[in-house]
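All remarks here apply to the structure that follows.
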Amino acid sequence: MVNETPKTVLELHQAFRSAKSPEKITQEPFDSTPQHLRRLRRLQAGEQAEPKDLWEYTQDLLYGKEIQGPLLAHVLPFCLEAWRLDLRGLESGYGGFVEYLYPMLANCHVFDLHLSPNLSAAATAFIRHTILEEIDDQRGLSYQGSGARPYGWIGALTTYGVLLPDIELLWRLWWSVETTGKATAALQYISCLMYPTNENPIVAPWTPDGGGGPPCLWEFAGHLYNHRWMDLNIAFLRRMLTPQRARDVINKAVGMIRGLPEHETAVELQKDFPLCIETLEARCSELPQILEKLNNSGPLEWTI
């Protein structure tokens with residue numbers, strides 16, 4: 001088992017050091033030449049993969065007949081490095097690849113069929129740490145437009161529930177609100193459960209020119225159209241997501257960010273809580289029901 005969570009790309013590569021690049025490529029390219037496979041095979045820790053090469057690799061795995069396990073184990077750290085750069089807003093060129101990375105991981109059952117338990121544990125721990133890293137960097141309780149930062153981490157969190165059955169490990173660390181970022185992110189999320197769409201004090205309403213509006217708490221990132229949350233995650237969310245816990249988290253978050261610019265808006269949520277309890281109760285009950293439906297079951301909206 002992995003003794004420590006890989007927190008950096010270098011540590012992830014070190015955890016995967018047993019997955020040596022294969023001497024021969026047997027992976028069949030899908031609708032392309034094999035040059036991208038050769039370039040990926042030659043990559044060394046510390047190098048970054050080209051976005052187009054990674055995109056073509058996702059197509060190979062999604063639509064090809066077989067998956068070459070050793071090559072996958074070699075390439076996956078580079079995939080997760082690109083995913084991290086995209087989520088953290090450090091590089092913009094990997095967005096198209098990430099759209100297909102998520103279905104590749106889900107449809108090909110990468111973590112449970114094609115990696116050893118040790119490698120799977122290292123990869124999933126890195127994913128959790130990266131999402132928490134982005135959560136810990138959250139600042140601000142006023143957003144407008146489609147480029148607002150909360151969309152990224154909320155989308156990653158929601159998509160995690162499709163890919164892996166242990167969202168409890170991620171959620172409990174987040175709702176500990178033991179850092180300014182965790183407190184800020186918790187308030188961003190809970191506001192979407194409390195307020196009608198156009199009355200959220202943190203996220204401005206959607207506009208035709210700028211987009212925006214409150215993040216959708218059941219929208220998966222990437223091309224995941226025939227997917228739903230895993231049963232263990234649904235069961236956990238039903239236990240965890242209650243008005244009482246939401247109130248406790250808000251109260252703790254208000255204390256955590258006392259004296260910071262976010263505090264005034266946090267106090268506003270705290271004061272509005274009794275006024276929003278009916279909406280919050282309904283949505284806490286409704287969200288697990290929505291997440292356990294297939295994502296292609298049609299347009300979904302809150303009932304209240």
Does [X] use its side chain to pair, donor to acceptor, with the backbone of [Y] at less than 3.5 Å?
| X | Y | value |
| --- | --- | --- |
| Gln68 | Pro22 | no |
| Thr159 | Ala221 | yes |
| Ser32 | Pro29 | no |
| Thr158 | Gly155 | no |
| Asn200 | Ile202 | yes |
| Gln138 | Gly181 | no |
| Arg128 | Leu169 | no |
| Thr184 | Thr180 | yes |

Identify whether the distance between the nearest side-chain nitrogen and carboxylate oxygen of [X] and [Y] falls below 4.0 Å.
| X | Y | value |
| --- | --- | --- |
| Asp231 | Arg228 | yes |
| Arg41 | Glu23 | no |
| Glu133 | Arg84 | yes |
| Glu11 | Lys7 | no |

Original post:
Under the ring-ring contact (aromatic ring centres under 6.0 Å, His included) rule, what pairs show up with a residue in residues 133-158, not counting sequence neighbours?
Top reply: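 Qualifying pairs: Trp153-Trp174.
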
**OP:** Name all pairs fulfilling the ring-ring contact (aromatic ring centres under 6.0 Å, His included) condition that reach into residues 18-46, sequence neighbours left out, sorted by first residue then second.
**Re:** Phe30-Tyr63

Which value, rounded to the nearest 0.5 Å, describes the distance between [X] atom [atom1] and [Y] atom [atom2]?
| X | Y | atom1 | atom2 | value |
| --- | --- | --- | --- | --- |
| Asp86 | Glu99 | CG | CD | 8.5 Å |
| Thr279 | Arg283 | OG1 | CZ | 6.0 Å |
| Leu280 | Ser285 | CG | OG | 11.0 Å |
| Thr130 | Ile135 | OG1 | CD1 | 11.0 Å |
| Leu173 | His129 | CG | NE2 | 11.0 Å |
| Leu12 | Glu81 | CG | CD | 8.5 Å |

Original post:
Would Cys79 and Leu54 count as a side-chain contact (heavy atoms from CB on, under 4.5 Å) if you check the C-alpha gap in whole Å, the side-chain angles of each, and the deciding distance to 0.1 Å?
Top reply: CA-CA 7 Å; Cys79 293; Leu54 292 178; 3.9 Å; yes

Can you give me the closest heavy-atom contact between [X] and [Y], atom names plus distance?
| X | Y | answer |
| --- | --- | --- |
| Pro51 | Tyr94 | CG-CE2, 3.7 Å |
| Asp53 | Leu40 | O-CD1, 3.8 Å |
| Tyr57 | Leu71 | OH-C, 3.9 Å |
| Trp218 | Ile290 | CG-CG2, 3.5 Å |
| Tyr189 | Trp171 | OH-CH2, 3.6 Å |
| Leu119 | Ala73 | CD1-CB, 4.2 Å |

**OP:** Flag the pair Trp229 / Tyr160 as yes when their ring centroid distance falls below 6.0 Å, and as no otherwise.
**Re:**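 No, ring centres 6.0 Å or more apart.
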
**OP:** Examine the side chains of Tyr102 and Trp83 and answer whether a donor and an acceptor come within less than 3.5 Å of each other.
**Re:**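 Yes, because at least one side-chain N or O of Tyr102 sits under 3.5 Å from a partner of the opposite role on Trp83.
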
Contact check, side chains of [X] and [Y], non-hydrogen atoms, under 4.5 Å:
| X | Y | value |
| --- | --- | --- |
| Leu141 | Gln188 | yes |
| Phe16 | Pro6 | no |
| Leu105 | Leu101 | yes |
| Thr197 | Glu301 | no |
| Ile304 | Pro196 | no |
| Asp31 | Gln59 | no |
| Pro214 | Ser191 | no |
| Met230 | Val162 | no |

Greater than 12 external heavy atoms within 6.0 Å of [X]'s [atom1]:
| X | atom1 | value |
| --- | --- | --- |
| Glu286 | CD | yes |
| Glu219 | CD | no |
| Gln14 | CD | yes |

Compile the donor-acceptor pairs under 3.5 Å between side chains in residues 106-114 and protein atoms, sequence neighbours left out, one pair per line.
unit_1, atom_1, unit_2, atom_2, d
Asn107, OD1, His227, NE2, 2.6
His114, NE2, Cys108, O, 3.3

**OP:** Group every Ile, Leu, Val, Met, Phe, Trp and Tyr by side-chain heavy-atom contacts under 4.5 Å, then state whether Leu76 and Leu10 land in the same group.
**Re:** no

**OP:** Look at the aromatic rings of Tyr100 and His223 and report parallel, tilted or perpendicular, splitting at 30° and 60°.
**Re:**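 Ring orientation, 0 to 90° scale: tilted.
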
**OP:** Using the salt bridge (charged side-chain N to carboxylate O under 4.0 Å, His left out) rule, collect all pairs that involve residues 55-64, keeping only residues at least two apart or in two chains.
**Re:**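 Listed once each, the pairs are Lys52-Glu56.
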
Side-chain donor-acceptor distances from residues 232-246 under 3.5 Å, at least two apart:
unit_1, atom_1, unit_2, atom_2, d
Asn233, OD1, Ile167, N, 3.0
Asn233, ND2, Gly161, O, 2.9
Asn233, ND2, Leu164, O, 2.6
Arg238, NH2, Glu292, OE2, 2.9
Arg239, NH1, Ala235, O, 3.4
Thr242, OG1, Arg245, N, 3.2
Gln244, OE1, Arg247, NH2, 2.8
Gln244, NE2, Asp248, OD1, 3.0
Gln244, NE2, Asp248, OD2, 3.3
Arg245, NH1, Arg239, O, 2.5

**OP:** I would like to know whether Arg149 and Arg139 meet side-chain contact (heavy atoms from CB on, under 4.5 Å); could you show each step before the answer?
**Re:** CA-CA 9 Å; Arg149 196 170 183 184; Arg139 298 293 186 274; over 6 Å; no

All N/O donor-acceptor pairs, side-chain side in residues 254-276, below 3.5 Å, sequence neighbours left out:
unit_1, atom_1, unit_2, atom_2, d
Glu262, OE2, Gly140, N, 2.8
Gln270, NE2, Asn251, OD1, 2.9
Asp272, OD2, Tyr195, OH, 2.7

**OP:** Go through Glu178 and Lys252 one step at a time and tell me if the salt bridge (charged side-chain N to carboxylate O under 4.0 Å, His left out) criterion holds.
**Re:** CA-CA 9 Å; Glu178 60 187 8; Lys252 190 173 179 180; over 6 Å; no

Original post:
Could you walk me through whether Thr5 and Phe126 pass the side-chain contact (heavy atoms from CB on, under 4.5 Å) check?
Top reply: CA-CA 6 Å; Thr5 298; Phe126 179 81; 6.0 Å; no

